Amino acid sequence: MFKLKNLLPKEVYKTVFDIDYNKLYEAGKRIILMDIDNTLVSYAESEPGEKLMALFKRIKEIGFEIIFISNNHKKRVETFVRAMGSRYIENALKPFKRGYRKALKLVKPFGKDAIVSIGDQLVTDILGSNRFGIDAYLVKPIAVRTEKWYTRLNRKIENYALRKIKKHYPEVYRKFGVWDE
Ligand SMILES: [Mg+2]
């Protein structure tokens with residue numbers, strides 16, 4: 001079904017607020033492909049609040065472009081992104097490569113090395129990013145309670161994958177420890 005290696009996040013954080021964006025910039029990253037649902041807000045929220053808006057502002061001031069990339073439909077993504085005026089890709093079909101290819105085209109002449117993705121799901125965000133060849137950062141999902149059936153199915157696969165990661169990549173599994181802090 002998938003190579004376990006492709007499910008390994010480069011780093012694991014509790015929230016998007018815990019990521020050191022200055023360090024990412026110093027490492028040569030310029031583009032952030034940002035998931036929305038359960039990475040930034042729960043399914044129940046349609047717009048970013050003040051705290052997120054401040055974070056986006058800070059990230060942009062460092063020198064990044066944030067491109068929102070979501071498997072959700074256009075109306076959901078457009079509504080969320082409106083206040084920022086950022087570019088976005090809806091119906092991205094992660095983990096397939098199509099959405100990532102679109103993103104790469106948008107950010108030319110930047111290449112894959114300059115792109116980092118942030119998301120909450122191993123089998124969409126992390127798998128898709130790794131298959132495409134960009135660094136993938138995982139955050140803890142905000143609220144799994146309101147997830148739809150297909151995401152809940154993904155979570156089941158994810159739990160299975162996590163047990164495999166624990167067994168075969170204990171050093172990566174250890175990074176998930178921040179979720180319990
Ligand atoms: Mg998500």
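Counting convention: from 1, in listed order, for ligands and their atoms alike. Quantities reported herein were computed from a predicted structural model and do not represent experimental measurements.
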Heavy-atom distance under 4.5 Å between the side chains of N91 and N71, does that happen here? no
Salt-bridge test for D180 and K140: reply yes if a basic N is under 4.0 Å from a carboxylate O, no otherwise. no
With a 4.0 Å cut-off on N to O distance, would you call D135 and K29 a salt bridge? yes
May I ask you to check whether D125 brings an N, O or S atom to under 2.8 Å from the Mg ion (ligand 1)? no
Provide the atom name of the closest N, O or S atom of D120 relative to the Mg ion (ligand 1). OD1
For N/O/S atoms only: which one belongs to D37 and is nearest the Mg ion (ligand 1)? O
Do NZ/NE/NH1/NH2 and the carboxylate oxygens of E181 and K14 come within less than 4.0 Å? no
Closest D35 atom to the Mg ion (ligand 1) [N, O or S only]: OD2
